[in-house]
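Read the structure below first, then the notes.
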Amino acid sequence: MKKIFATIVAAVSLLTASCSKDDPLTGGNDAGIYRITIEISGTDAKGFAHIINLDKVNIKNEGTGVSSSSVDDEFPTSATYITEGKVKDISAQGIVHSNSEKATVRMKITKDGKTVFDESKSIDPENGTGKVGEMRYTTIAQ
């Protein structure tokens, strides 16, 4: 009797897991290929990118060719990243830092070639707006 019960539980578990519509291997209903471009302007500015996804899909830096499960990069002027498979849950942060001069960060994100986010933020440390400006995009439910 225990073997029959264990077999039924295992079969139901497999059916439930294999029929999930959010399965990252099949792409899910809301999944897509994301491309994130972060541009920095300002002579004293540094840019930073932080990108994660919950779908365990690697993210490739198009400039360096480096591929990893998450991104934590510093760059001088711009960087572009692309997911190497379909992703449903992603979070991206673009940051600009400048000690003394005006600077701007622009982050543009496309999903399957269509723009889903395109915004800029400027800072001016000399006039009190701070030394850091940042913007975020996420599809991860909180």
Side-chain angles (χ1 to χ4, degrees), residues 2-3 5-142:
K2 287 182 183 179
K3 288 183 181 180
F5 181 71
T7 303
I8 292 171
V9 169
V12 169
S13 296
L14 285 172
L15 283 173
T16 304
S18 66
C19 292
S20 173
K21 64 181 173 183
D22 295 335
D23 186 355
L25 298 177
T26 61
N29 289 338
D30 298 345
I33 303 292
Y34 283 87
R35 182 184 196 136
I36 299 115
T37 300
I38 304 171
E39 299 171 334
I40 303 299
S41 63
T43 56
D44 183 40
K46 291 181 186 174
F48 301 89
H50 303 286
I51 307 168
I52 62 165
N53 75 83
L54 301 181
D55 300 296
K56 300 179 183 175
V57 172
N58 276 356
I59 305 162
K60 182 178 180 181
N61 181 321
E62 289 189 332
T64 65
V66 174
S67 178
S68 62
S69 60
S70 64
V71 172
D72 189 16
D73 283 347
E74 178 181 340
F75 54 90
T77 56
S78 70
T80 299
Y81 307 89
I82 189 163
T83 59
E84 294 184 321
K86 290 188 173 190
V87 170
K88 180 179 178 190
D89 294 315
I90 191 165
S91 181
Q93 180 182 32
I95 301 170
V96 63
H97 175 269
S98 177
N99 283 321
S100 59
E101 297 180 10
K102 293 179 183 179
T104 301
V105 58
R106 177 183 181 217
M107 187 162 67
K108 180 178 181 180
I109 301 174
T110 62
K111 177 182 174 187
D112 295 331
K114 296 179 182 175
T115 301
V116 294
F117 184 89
D118 189 356
E119 294 186 16
S120 299
K121 183 168 186 176
S122 296
I123 59 170
D124 187 357
E126 293 178 345
N127 292 320
T129 62
K131 296 180 179 184
V132 177
E134 65 96 20
M135 52 188 41
R136 297 179 192 171
Y137 172 84
T138 187
T139 62
I140 300 172
Q142 304 212 1

Item to complete: Applying side chain to side chain donor-acceptor pair (under 3.5 Å), name anything that partners S68, two or more places apart in sequence or on another chain.
Response: none
Worksheet item: Going by the salt bridge (Lys or Arg N to Asp or Glu O under 4.0 Å) test, which pairs reach into residues 65-76, not counting sequence neighbours?
Response: none
Item to complete: Applying side chain to side chain donor-acceptor pair (under 3.5 Å), name anything that partners T83, two or more places apart in sequence or on another chain.
Response: none
Discussion item. Using side-chain heavy atoms (C-beta onward) and a distance below 4.5 Å, is I90 in contact with I36?
Written reply: yes
Practice prompt. Kindly write out the residues that satisfy side chain to side chain donor-acceptor pair (under 3.5 Å) with D124, not counting sequence neighbours, or none if the list is empty.
Written response: N127
Discussion item. Could you work out, with salt bridge (Lys or Arg N to Asp or Glu O under 4.0 Å) as the rule, every residue matching R35, not counting sequence neighbours?
Written reply: E62
Practice prompt. Would you mind listing every salt bridge (Lys or Arg N to Asp or Glu O under 4.0 Å) that reaches into residues 126-140, with sequence neighbours excluded?
Written response: E134-R136
Fill in: side chain to side chain contact (heavy atoms under 4.5 Å, CB included) partners for S122, two or more places apart
T104
Worksheet item: For residues 41-64, which residue pairs qualify under ring pair (Phe, Tyr, Trp, His ring centres under 6.0 Å), counting only residues two or more places apart or in two chains?
Response: none
Item to complete: Among residues two or more places apart or on two chains, list those pairs meeting ring pair (Phe, Tyr, Trp, His ring centres under 6.0 Å) that have a residue in residues 85-124.
Response: F117-Y137
Practice prompt. Could you note down all residue pairs passing salt bridge (Lys or Arg N to Asp or Glu O under 4.0 Å) where residues 93-110 supplies at least one of them, sequence neighbours left out?
Written response: E39-R106, R106-D118
Worksheet item: Tell me the ring pair (Phe, Tyr, Trp, His ring centres under 6.0 Å) pairs involving residues 54-79, sequence neighbours left out?
Response: none
